[in-house]
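Before any comments, here is the structure.
Numbers restart at 1 for each chain; the letters A, B, ... are given by sequence-line order, proteins then strands.
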There are 2 protein chains.
Amino acid sequence: MVEPIKSDEAQELAAGFKLLADPVRLRILSLIANSPAGELCGCDLPATIGRSQPTVSHHLSLLAQAGLVTREQRGKWAWFRVEPDRVAVLRDALSQKSEPRSQKSDAHC
Amino acid sequence: MVEPIKSDEAQELAAGFKLLADPVRLRILSLIANSPAGELCGCDLPATIGRSQPTVSHHLSLLAQAGLVTREQRGKWAWFRVEPDRVAVLRDALSQKSEPRSQKSDAHC
DNA sequence: GCTATATATTGACGTCTGTCTATATACCTG
DNA sequence: CAGGTATATAGACAGACGTCAATATATAGC
C-alpha cells in the first residue's frame, strides 16, 4: 500500500481477498499451483479436499469467475491453472514501503 | 505457496484473509499504514471511512485481536499501528516459485 | 462530582456464505 | 442409442457477518 486506497479500490481488493478467505479455496489454489506442469484436473479435488463434488465445483466456479484460475475443458475433464498475475495483484496490495516515516503524529484531538 | 498447504494451515491463512475481505478494514489498514509516523488515532476514522464510531471500533477490535494492528492508549485516545510482520505472513502465502515445472500432467482419469 | 469526549460493548437485523442433496448437462465408450 | 463418468446448477438450510442504535466504560477538565 503506497497510499491510502479509495473506497472503490478497497471494494475490489476486498472481493479478491474474500476468495482467499475460505480454507477450501485456499487449498484448491495451493494444490493447483503446486501440481506437476502447474495444472490440475478437477476430478482430483473432491477426494483430496474432502468435500463433495458440487461443493468443489462451486468453489472452482468462483475462482474462475474472478480470474484467479483458468479452466480448460479437455473432453469431459476440466483442467485448471492458477493465474499468477491475478494473485500478484492481491499480494502486491499487501506490499509496503520499507523505510520508516519521519513525520510526527498530530497532537490530538 | 511453496507446497500444497495443509487443512489447518489453510484454516489459519483463511482467517487472516477474511480480515482483509472487507473494504472498511482494508481502508483502515491502508490509512494507518500510510499515515505520518505510521500511526493513526482512532478518532480520525469514522469521518474518514464514512461509518459510525461503533462500526469502526468493531473493525479495529477484530484487526487488533488478530494482531494485524497494535493499539496504544494515550489518555483517552487510542493510537493504532500496522504490524508489518503479520501482514507479511499473508503476503508471503501468495508468493510462488517463479520457475515453471518440467513435469507432465497425469493422463486422466 | 459533574460534564464532555473518546472508545468499547451489546443486541438486533438483514444479508451473505458454504455446505449438502438432487438433478441437469456434457462427453465418451461400446 | 444406452450407460457410465465428469461437471455444473438449483434450492434449501444453518451459520457467519457488517451495520446501526443504544448504552456502558474510561479519561480528562473544571
Side-chain angles (χ1 to χ4, degrees), chain A residues 7 10-29 31-32 39-66 68-81 105-109, chain B residues 7 10-29 31-32 39-66 68-81 105-109:
Chain A
S7 178
Q11 206 80 30
E12 288 187 33
L13 281 172
F17 284 119
K18 184 164 290 185
L19 289 163
L20 304 178
D22 180 77
V24 168
R25 285 196 294 276
L26 272 186
R27 289 182 69 200
I28 287 175
L29 282 173
L31 283 162
I32 297 175
E39 64 184 3
L40 194 67
C41 182
C43 67
D44 295 315
L45 288 167
T48 308
I49 295 285
R51 285 283 182 272
S52 71
Q53 182 273 321
T55 297
V56 172
S57 180
H58 165 70
H59 286 302
L60 282 167
S61 179
L62 294 178
L63 291 171
Q65 277 170 10
L68 283 172
V69 303
T70 51
R71 173 175 171 286
E72 182 183 341
Q73 195 73 27
R74 296 178 198 161
K76 58 186 178 184
W77 295 312
W79 286 83
F80 294 87
R81 284 181 173 273
S105 306
D106 295 324
H108 259 68
C109 255
Chain B
S7 179
Q11 205 80 31
E12 287 185 35
L13 281 171
F17 284 119
K18 185 165 290 187
L19 289 163
L20 304 179
D22 180 78
V24 168
R25 287 197 294 274
L26 271 185
R27 290 182 69 200
I28 288 175
L29 281 173
L31 283 162
I32 297 175
E39 64 182 4
L40 195 66
C41 181
C43 66
D44 295 315
L45 288 167
T48 308
I49 295 284
R51 285 281 182 278
S52 70
Q53 182 273 324
T55 297
V56 172
S57 181
H58 165 71
H59 285 302
L60 282 167
S61 179
L62 293 179
L63 292 171
Q65 277 170 11
L68 284 171
V69 303
T70 49
R71 172 175 172 285
E72 181 184 342
Q73 194 75 26
R74 295 178 200 161
K76 58 186 176 183
W77 295 311
W79 286 83
F80 295 86
R81 285 183 172 272
S105 304
D106 295 326
H108 258 69
C109 251

To the nearest angstrom, how far is [X] atom [atom1] from [N] atom [atom2]?
X: Gln73(A); N: dA8(D); atom1: CD; atom2: C1'; value: 10 Å
X: Leu19(A); N: dT17(C); atom1: CG; atom2: P; value: 10 Å
X: His59(A); N: dT9(D); atom1: NE2; atom2: C1'; value: 15 Å
X: Leu60(B); N: dG18(D); atom1: CG; atom2: C1'; value: 14 Å
X: Lys18(B); N: dG18(C); atom1: NZ; atom2: P; value: 8 Å
X: Ile28(B); N: dT19(D); atom1: CD1; atom2: C1'; value: 13 Å
X: Leu40(B); N: dT7(C); atom1: CG; atom2: P; value: 10 Å
X: Arg71(B); N: dA6(C); atom1: CZ; atom2: P; value: 15 Å

Closest to the [X] side chain, choosing from [options]:
X: Cys41(A); options: dG18(C), dT7(D), dT7(C); answer: dT7(D)
X: Ser57(A); options: dT7(D), dT7(C), dT19(D); answer: dT7(D)
X: Ala78(A); options: dT21(C), dT7(D), dT7(C); answer: dT7(D)
X: Cys43(B); options: dC20(C), dT7(D), dA6(C); answer: dA6(C)
X: Pro54(A); options: dA8(C), dT17(C), dT9(D); answer: dT9(D)
X: Lys76(A); options: dT7(D), dC27(C), dA6(C); answer: dC27(C)
X: Arg51(A); options: dC20(C), dC20(D), dT7(C); answer: dC20(C)

Report which part of the nucleic acid [X] touches: base, sugar-phosphate, or nothing (heavy-atom distance under 4.0 Å, all strands).
X: Val56(A); value: nothing
X: Arg74(B); value: nothing
X: His58(B); value: base

Mind listing the closest non-hydrogen atom pair of [X] and [Y] along with its distance?
X: Pro46(B); Y: Ser52(B); result: CB-C, 4.5 Å
X: Arg25(A); Y: Leu19(A); result: NE-O, 2.7 Å
X: Arg51(A); Y: Val24(A); result: NE-CG2, 3.9 Å
X: Arg27(A); Y: Thr48(A); result: NH2-O, 3.5 Å

Is Glu39(B) atom CD crowded by more than 12 heavy atoms from other residues, nucleotides or ligands, each under 6.0 Å away? yes
Using a distance-only criterion (donor-acceptor N/O pair, under 3.5 Å, no hydrogens), is the base of dA6(C) paired with the side chain of Gln53(B)? no
Using the closest heavy atom to pick a nucleotide of DNA chain C for each, name whichever of Ser61(B) or Ala21(A) lands nearer the 5' end. Ser61(B)
So does Ser52(B) get a side-chain nitrogen or oxygen closer than 4.0 Å to the phosphate oxygens (OP1/OP2) of dC20(D)? yes
Please examine the side chains of Leu60(A) and Leu45(A), heavy atoms only from C-beta on, and report whether any two atoms are closer than 4.5 Å. yes
